[in-house]
Amino acid sequence: MTVENKVVVITGASSGIGEATAKLLAASGAKVVLGARRNEKLEKIVTDINESGGSAVYKVTDVKNSNQVNDLVEYAIKEFNGVDVIFNNAGIMPTSPISALHTQEWKEMIDINLMGVLNGIAAVMPYFTNQRHGQIITTSSVAGIKSFPGAGVYGATKFAIRNLMEVIRMESAQEKTNIRTATLYPAAIKTELLNTITDSSALNNMSKLYENVGITPDSVANVVKFAIDQPEDINVNEFTIYPTRQV
Ligand code: NDP
């Protein structure tokens, strides 16, 4: 079981980790199906991949909308005759202290980082159950295994992902399907993610960290490829990805 010829649906594919992963997997022979909200970004990435000899399509998708996520998966099946992997990667990180009460951002994080992932899982699960195999890869965060001031709600969404993914792994084993899971816990990865922070002191702190130690999203893309490349009876399940110099 390798990446080659696998059909991989990627959410949050218009920048950062999702873009790097789409490019790496396509260069390794996967057929990639990109979803995110920004049409122009997706169009350019898909054109670049196809001009380099890869196979890629895209559909503008807001992961908050379950119908749009279902459509993305159905588009993958229509274009490439199936779906093997979903990479639930779309996310936002408007960190702030709880006392600042950025309640609209709390809701947005729950809707995108948690409900968006559930929408991805619900979209593929009928196909994976029917075909008795598939792989669900989801981007959590180091804020999903450790608590950080400022990341109360962001971390809550990412901790929730950890539980969700582990339960899917266990249920899949009980149900004797070959549905594999992998959860990613990246630390400081230089992407557009900090643009989602509106709280100035949170942004200031994070910007310094990312400038000092941040690494490229290729680091995470390599891990996704590794997880997909494993034999079907092996479920490499959890990965932390730290810059070597991040405490
Ligand atoms: P980016 O901001 O570069 O990428 C986020 C992606 O998510 C974009 O493609 C964005 O596209 C997409 N997105 C956001 N909201 C939605 C939505 N409602 N529907 C569909 N797509 C959406 O940051 P990263 O690449 O860093 O982020 C990817 C994931 O990695 C996130 O889940 C993030 O929490 C996680 N992560 C990142 C870390 C880092 O240090 N960078 C560390 C730990 C975890 P668009 O705006 O076009 O919709």
Side-chain angles (χ1 to χ4, degrees), residues 9-24 32-46 58-73 86-95 105 107-120 123 137-146 148 150-151 153-162 165 183-197 202-203 205-221 223-224 238-243 246:
V9 174
I10 302 172
T11 68
S14 62
S15 61
I17 292 168
E19 175 182 358
T21 304
K23 288 180 171 165
L24 177 68
V32 291
V33 181
L34 287 72
R37 294 166 302 181
R38 288 172 293 175
N39 185 78
E40 273 170 35
K41 287 257 189 188
L42 291 170
E43 188 176 22
K44 175 158 188 343
I45 296 163
V46 162
Y58 77 93
K59 198 168 187 49
V60 170
T61 306
D62 186 333
V63 295
K64 289 191 290 184
N65 184 321
S66 59
N67 291 331
Q68 291 184 20
V69 182
N70 290 341
D71 287 349
L72 179 69
V73 169
I86 187 159
F87 180 28
N88 295 302
N89 169 71
I92 57 168
M93 189 184 67
T95 48
E105 292 182 345
K107 184 176 181 321
E108 195 73 357
M109 280 189 276
I110 291 166
D111 288 348
I112 295 174
N113 299 359
L114 181 53
M115 280 312 302
V117 170
L118 285 165
N119 288 338
I137 303 176
T138 301
T139 313
S140 173
S141 164
V142 287
I145 44 179
K146 293 204 291 195
F148 296 93
V153 179
Y154 179 72
T157 64
K158 297 298 189 176
F159 266 79
I161 294 302
R162 188 177 206 193
M165 292 294 288
T183 313
L184 315 178
Y185 303 96
I189 313 293
K190 281 185 177 164
T191 65
E192 297 179 14
L193 194 66
L194 300 195
N195 296 347
T196 63
I197 304 178
L203 180 57
N205 292 338
M206 295 295 253
S207 300
K208 278 190 199 138
L209 171 71
Y210 278 62
E211 267 166 39
N212 287 336
V213 301
I215 51 176
T216 72
D218 295 336
S219 56
V220 183
V223 169
V224 175
E238 293 198 312
F239 300 90
T240 57
I241 303 130
Y242 274 95
Q246 183 173 352

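Both counts, for ligands and for their atoms, begin at 1 and track the order of listing. Residue indices begin at 1 and follow the sequence shown.
Using a 4.0 Å cut-off between heavy atoms, Leu193 contacts ligand 1 through both its backbone and its side chain. Residue contacts with ligand 1, taken as heavy atom pairs separated by less than 4.0 Å, involve Thr61 solely via the backbone atoms N, CA, C and O. With a 4.0 Å cut-off on non-hydrogen atoms, Ala143 does not touch ligand 1 at all. Contacts between Lys190 and ligand 1, counted as non-hydrogen atom pairs separated by less than 4.0 Å, are absent for every part of the residue.
Between Lys64 and ligand 1, no N or O atom pair is found at a separation short of 3.5 Å. For ligand 1, the polar-atom distance check finds no N/O of Val142 at less than 3.5 Å from any of the ligand's N/O atoms. By the 3.5 Å distance cut-off applied to N or O atoms, Arg37 is counted among the residues near ligand 1. Every N/O-N/O distance between Pro186 and ligand 1 stays at or above 3.5 Å. By the 3.5 Å distance cut-off applied to N or O atoms, Val63 is counted among the residues near ligand 1. Some N or O of Ile189 is nearer than 3.5 Å to an N or O of ligand 1, by distance alone.
Ser219 and Thr216 get closest at one heavy-atom pair: OG-O, 2.6 Å.
Tyr58 has its side chain out of reach of Leu72: every pair of non-hydrogen atoms, C-beta onward, lies at least 4.5 Å apart.
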Checklist entry - Going through the distances and angles, do Arg162 and Glu238 end up as a salt bridge (Lys or Arg N to Asp or Glu O under 4.0 Å)? => result CA-CA 9 Å; Arg162 188 177 206 193; Glu238 293 198 312; 3.1 Å; yes

Next on the checklist: With salt bridge (Lys or Arg N to Asp or Glu O under 4.0 Å) as the criterion, how do Glu192 and Lys41 come out once you've worked through the C-alpha distance, each side chain's angles and the decisive distance to 0.1 Å?
Outcome noted: CA-CA 13 Å; Glu192 297 179 14; Lys41 287 257 189 188; 3.0 Å; yes

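Considering each of Ala13, Ala90, Ser15, the one bringing a non-hydrogen atom nearest atom 8 (C) of ligand 1 is Ser15. The heavy atom nearest to atom 44 (C) of ligand 1, out of those in Gly18, Gly12, Ser140, Ala20, is found in Ser140. The option from Tyr185, Tyr154, Phe87 that lies nearest to atom 36 (N) of ligand 1, judged by heavy atoms, is Tyr154. The heavy atom nearest to atom 18 (N) of ligand 1, out of those in Thr11, Asp62, Leu34, Asn65, is found in Asp62. Nearest residue to atom 31 (C) of ligand 1 from Asn89, Ile10, Thr139 is Asn89 (criterion: closest heavy atom).
Looking from atom 23 (O) of ligand 1 to the surrounding protein, the closest heavy atom is Thr191 OG1, 3.2 Å. For atom 42 (C) of ligand 1, the nearest non-hydrogen atom of the protein is Ala187 O, 2.9 Å. Taking atom 9 (O) of ligand 1 as the reference point, the nearest protein heavy-atom neighbour is Ser14 OG, 2.8 Å. Summary of contacts: the protein heavy atom closest to atom 25 (O) of ligand 1 is Ile17 N, 2.8 Å.
Side-chain atoms of Asn119 come within 3.5 Å of backbone N or O of Val63 as a donor-acceptor pair. Remark: side-chain polar atoms of Gln246 are paired, donor with acceptor, to backbone N or O of Ala188 under 3.5 angstrom. Side chain of Thr11 to main chain of Asn89: a donor-acceptor pair is present (N/O by atom type, distance under 3.5 Å, no hydrogens or angles). Under the 3.5 Å distance criterion, the side-chain polar atoms of Lys59 are left unmatched by any main-chain donor or acceptor of Gln68. Without hydrogens or angle criteria, Ser140 side chain to Lys158 main chain gives a donor-acceptor distance under 3.5 Å. Of the possible polar contacts, one joining the Thr196 side chain to the Met93 backbone as a donor-acceptor pair under 3.5 Å is found.
With ligand atoms numbered from 1 in the order given, ligand 1 contributes 40 (O) to contacts under 4.0 Å with heavy atoms of Ala188. Close contacts of ligand 1 with Tyr210, meaning ligand atoms under 4.0 Å from a residue heavy atom, involve 39 (C), 40 (O). Counting atoms of ligand 1 from 1 in the listed order, those under 4.0 Å from a heavy atom of Gly91 are 5 (C), 7 (O), 14 (C), 31 (C), 32 (O). Taking every heavy atom of Ile112 and a limit of under 4.0 angstrom, the matching atoms of ligand 1 come to 15 (N), 18 (N). Residue Gly16 has at least one heavy-atom neighbour below 4.0 Å for each of these atoms of ligand 1: 3 (O), 25 (O).
The residues Glu40 and Lys44 are annotated as not salt-bridged, no charged nitrogen and carboxylate oxygen being separated by less than 4.0 angstrom.
Rounding to the nearest 0.5 Å places CD1 of Ile17 at 7.5 Å from CD1 of Ile241. Interatomic distance, Tyr154 OH to Ile110 CD1, rounded to the nearest 0.5 Å: 14.0 Å.
Side-chain contact check for Ser14 and Arg38: at least one donor-acceptor pair (N or O, by modelled atom type) lies under 3.5 Å.
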